[in-house]
Asker: 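Before I ask anything, let me first share the structure, which is written out below as structure tokens.
As a basis for the values below, the full set of heavy atoms in this structure was taken, side chains included, without hydrogen atoms, waters or symmetry mates.
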Amino acid sequence: MDRDFLFELLKTGSVSGNEAEIEKKIFDYMQDKADLVTVDELGCVTAAVNPNAAFKVLLAGHADEIGLMVSAIGSDGTLMVTHIGGIYTTAFPGHKVRIYTKNGIIYGAVANSRSIAKNKDIRASDLRIDIGAESREDALSVVELGDTVTFDTDARELLNGRLSARALDDKLGAFIVMEALSEAKRRGASVGCYASATTGEETTGNGAYFAASRVKPNIAIAVDVTYTSDNCGISSAETGDIALGKGPVICNNPSIHKKVNAALRECAKRLDMSVQTEAASGRTGTDGDTMHKTGIGVPFALVSIPLRYMHNPAEVCSLKDVQDCIDLLAEFFVSCTADMELKPF
Ligand SMILES: [Zn+2]
């Protein structure tokens, strides 16, 4: 895998609705690795191998991340915010943040005190960001309402091939689908192979609708992160027994296609790769749900990367799982044939 490109994605802010910078990096990176690279009106970059083939397989990983949006500015120059996606509001007080303005990044500190720290019901609208401004006018000279905000964090390698960063959910997925597509081209896949870095998954899911509606795939696979049960506070009864380093996670749920799951398991077997299984009782809460309902309906599956501390400033994954996901999905692309029968009988 191209670790430099992964780290480039991880250092790029991409709060839902503000993904143009990261998508342009993916667009440029894929130029010499795919047969065709396109961008749609919502900003989703889709790379293709064999774009003229009739049978099409689409992988989607979302490039957007959760965060905050500047909603108002106080007379003292502090920024007020609303939430973008499923944030842990209590993780913000006392933390450094980046504000993405039209003239580049500026930095801030989220106000904290003993009374704020005791408020477990703190809402996004209770947060105040100190950017050093001395008045509303001072702040408005650099910040606009609608600017987005993330934690000011960097990606760091930990022991045992593990990686900690903000928004591994789901820059890992966007990275994996592009690496799997590049590998499918090298290995001479015969069907139409597509990889899309979707926008807006954390808020509306609309990017995946645009991407899948344009590709019209026969099979779609969402590539996202999932909760592990190997760390504090997460029950395996909710998630299945999921651990870091034990391989890609295949999801069983009422709408996920059993034949696609079976084909993924066959691929893992050929690669002598261990995979894990999770259960979702209804919707998966991923781009898979959206792609499934495009066009005349699209059979879909969900392949997930085990992740600790999802939606926190320091999420943790295993780089071995990332490589396994790339290998599994490249093998899936290569193993697909135009005469695959997807009806159950
Ligand atoms: Zn995600």
Asker: Before you tell me yes or no, could you show the steps for Asn103 and Thr101 under side chain to side chain donor-acceptor pair (under 3.5 Å), namely the whole-Å CA-CA distance, both residues' side-chain angles and the distance that decides it to 0.1 Å?
Answerer: CA-CA 5 Å; Asn103 294 318; Thr101 77; 5.2 Å; no
Asker: Please find the pair of heavy atoms, one from Gly247 and one from Gln276, that lie closest to each other, and give the distance.
Answerer: O-NE2, 2.9 Å
Asker: Is Asn50 reaching over with its side chain to a backbone N or O of Ala189, donor-acceptor style, under 3.5 angstrom?
Answerer: yes
Asker: Tell me, please, which residues at least two apart from Lys118 pass side chain to side chain donor-acceptor pair (under 3.5 Å).
Answerer: none
Asker: Checking Lys56 side chain against Val215 main chain: does a donor-acceptor pair fall under 3.5 Å?
Answerer: yes
Asker: Got a donor-acceptor contact below 3.5 angstrom from the Thr228 side chain to the Pro306 backbone?
Answerer: no
Asker: Just how far is it from atom CD of Glu41 to atom CZ of Phe210, taken to the nearest 0.5 Å?
Answerer: 6.5 Å
Asker: Using 4.0 Å as the upper bound for N to carboxylate O, is an ion pair formed by Lys185 and Asp35?
Answerer: yes
Asker: Would you call Arg156 and Asp154 a salt bridge, using N to O less than 4.0 angstrom?
Answerer: yes
Asker: Give the intermediate values and the outcome of ring-ring contact (aromatic ring centres under 6.0 Å, His included) for residues His292 and Phe300.
Answerer: CA-CA 6 Å; His292 184 49; Phe300 88 105; 5.0 Å; yes
Asker: Should the pair Arg308-Asp230 be classified as a salt bridge under the 4.0 Å nitrogen-to-oxygen rule?
Answerer: yes
Asker: Which value, rounded to the nearest 0.5 Å, describes the distance between Met178 atom CE and Ile326 atom CD1?
Answerer: 12.0 Å
Asker: Which residues satisfy the side chain to side chain donor-acceptor pair (under 3.5 Å) test with Thr199, sequence neighbours excluded?
Answerer: none
Asker: Considering all heavy atoms of both residues, which atom of Ala34 and which atom of Val49 are nearest to each other, and what is their separation?
Answerer: CA-CG2, 4.4 Å
Asker: Using distance alone, with no hydrogens and no angle criterion, decide if Thr46 and Ser196 have a side-chain donor and acceptor under 3.5 Å apart.
Answerer: yes
Asker: State plainly whether one hydrophobic cluster holds both Leu58 and Met340, where clusters connect Ile, Leu, Val, Met, Phe, Trp and Tyr through side-chain heavy atoms under 4.5 angstrom apart.
Answerer: no
Asker: Please determine, by modelled atom types, if Asp152 and His95 share a side-chain donor-acceptor pair under 3.5 angstrom.
Answerer: no
Asker: Kindly determine whether Lys120 and Thr90 satisfy side chain to side chain donor-acceptor pair (under 3.5 Å), including the steps that lead there.
Answerer: CA-CA 7 Å; Lys120 299 299 172 210; Thr90 51; over 6 Å; no
Asker: Would you give the length of the straight line joining atom CG of Leu9 to atom CD1 of Ile26, rounded to the nearest 0.5 angstrom?
Answerer: 5.0 Å
Asker: Please list all pairs passing the side-chain hydrogen bond (donor to acceptor under 3.5 Å, both in side chains) test where one or both residues lie in residues 279-289, with sequence neighbours left out.
Answerer: Thr198-Asp287, Thr284-Thr286, Thr284-Asp289
Asker: Are side-chain heavy atoms of Val322 and Met1 found at a separation under 4.5 Å?
Answerer: yes
Asker: Indicate yes or no: at least one non-hydrogen side-chain atom of Arg265 is less than 4.5 angstrom from one of Val275.
Answerer: yes
Asker: Specify whether Phe175 and Phe5 have parallel, tilted or perpendicular ring planes, treating 30° as the upper limit for parallel and 60° as the lower limit for perpendicular.
Answerer: tilted
Asker: Check Leu172, Asp170, Leu59 against Val177 for a side-chain contact (heavy atoms from CB on, under 4.5 Å) and give me the one that passes.
Answerer: Leu59
Asker: Do side-chain atoms of Ser135 reach the backbone of Gly77 as a donor and acceptor pair under 3.5 angstrom?
Answerer: no
Asker: Between the side chain of Asn312 and the main-chain N/O of Ala314, is any donor-acceptor distance below 3.5 Å?
Answerer: no
Asker: Can you name the side chain to side chain donor-acceptor pair (under 3.5 Å) partners of Asp40, sequence neighbours left out?
Answerer: none
Asker: Could you tell me whether Arg3 and Glu157 make a salt bridge, using a distance below 4.0 angstrom between a side-chain N and a carboxylate O?
Answerer: yes
Asker: Would you check if the side chain of Asp324 reaches a backbone N or O of Pro248 as a donor-acceptor pair within less than 3.5 Å?
Answerer: no
Asker: For Tyr29, is the NZ or CZ atom of Lys33 found under 6.0 angstrom from the centre of its six-membered ring and inside 45 degrees of the ring axis?
Answerer: yes
Asker: Name all residues meeting the salt bridge (Lys or Arg N to Asp or Glu O under 4.0 Å) criterion together with Arg114; count only those two or more places apart in sequence or in a different chain, and write none if there are none.
Answerer: none
Asker: Please name the residue in the list Val225, Leu158, Leu168 that meets the side-chain contact (heavy atoms from CB on, under 4.5 Å) test with Cys317.
Answerer: Leu168
Asker: CE of Met310 to CD1 of Ile66: how many Å apart, nearest 0.5 Å?
Answerer: 10.0 Å
Asker: State, to 0.1 Å, how close Leu181 and Ala48 come at their nearest heavy-atom pair, and which atoms those are.
Answerer: CD2-N, 4.0 Å
Asker: Enter the distance from Leu10:CG to Leu163:CG here, rounded to the nearest 0.5 Å.
Answerer: 6.0 Å
Asker: Is it true that the side chains of Thr204 and Tyr209 contain a donor and an acceptor less than 3.5 Å apart?
Answerer: no
Asker: What pair of heavy atoms forms the shortest contact from Leu264 to Ile250, and how long is it?
Answerer: CB-CD1, 3.9 Å
Asker: Check the side chains of Glu202 and Ser16 for a donor-acceptor pair under 3.5 angstrom, ignoring hydrogens and angles.
Answerer: no
Asker: Between Lys11 and Glu8, does at least one N-O distance fall below 4.0 Å, as a salt bridge requires?
Answerer: yes
Asker: Taking atom CE of Met69 and atom CG of Leu145, what is their separation to the nearest 0.5 Å?
Answerer: 10.0 Å
Asker: What's the verdict on side chain to side chain donor-acceptor pair (under 3.5 Å) for Thr12 and Ser14, showing C-alpha distance, side-chain angles and the deciding distance?
Answerer: CA-CA 6 Å; Thr12 309; Ser14 61; over 6 Å; no
Asker: State whether the side chain of Arg136 and the backbone N or O of Ile73 hold a donor-acceptor pair below 3.5 Å, judged by distance alone.
Answerer: yes
Asker: Is a donor from one side chain sitting under 3.5 angstrom from an acceptor on the other, for Thr78 and Asp130?
Answerer: no
Asker: Locate the shortest heavy-atom distance separating Cys193 from Ala184; write the atom from each residue and the value.
Answerer: SG-CB, 4.4 Å
Asker: With a 4.0 Å cut-off on N to O distance, would you call Lys171 and Glu315 a salt bridge?
Answerer: no
Asker: Could you tell me whether a side-chain N or O of Glu183 sits under 3.5 Å from a main-chain N or O of Asp327, the two making a donor and an acceptor?
Answerer: no
Asker: Answer yes or no: is there a donor N or O on one side and an acceptor on the other, between the side chain of Asn18 and the main chain of Val15, under 3.5 Å?
Answerer: no
Asker: Is there a chain of hydrophobic side chains (I, L, V, M, F, W, Y, each step under 4.5 Å between heavy atoms) that links Leu6 to Ile176?
Answerer: yes
Asker: Keeping His311 on the side-chain end and Gly86 on the backbone end, is there a donor-acceptor pair under 3.5 Å?
Answerer: yes
Asker: Taking all heavy atoms of Thr153 and all of Pro313, pick out the closest pair and write down the distance.
Answerer: CG2-O, 3.7 Å
Asker: Is it the case that over 12 heavy atoms from other parts of the model lie below 6.0 angstrom from the NE2 atom of His83?
Answerer: no
Asker: Check the hydrophobic clustering (I, L, V, M, F, W, Y; side-chain heavy atoms under 4.5 Å; chains of links allowed) and say if Leu307 and Ile242 are grouped together.
Answerer: no
Asker: Considering only residues two or more places apart or on different chains, which pairs with a residue in residues 328-341 satisfy side-chain hydrogen bond (donor to acceptor under 3.5 Å, both in side chains)?
Answerer: Arg187-Glu331, Arg270-Glu331, Thr337-Asp339
Asker: Would you say Met273 ends up clustered with Leu302 if hydrophobic residues are merged whenever their side chains have heavy atoms under 4.5 Å apart, either directly or through other cluster members?
Answerer: no
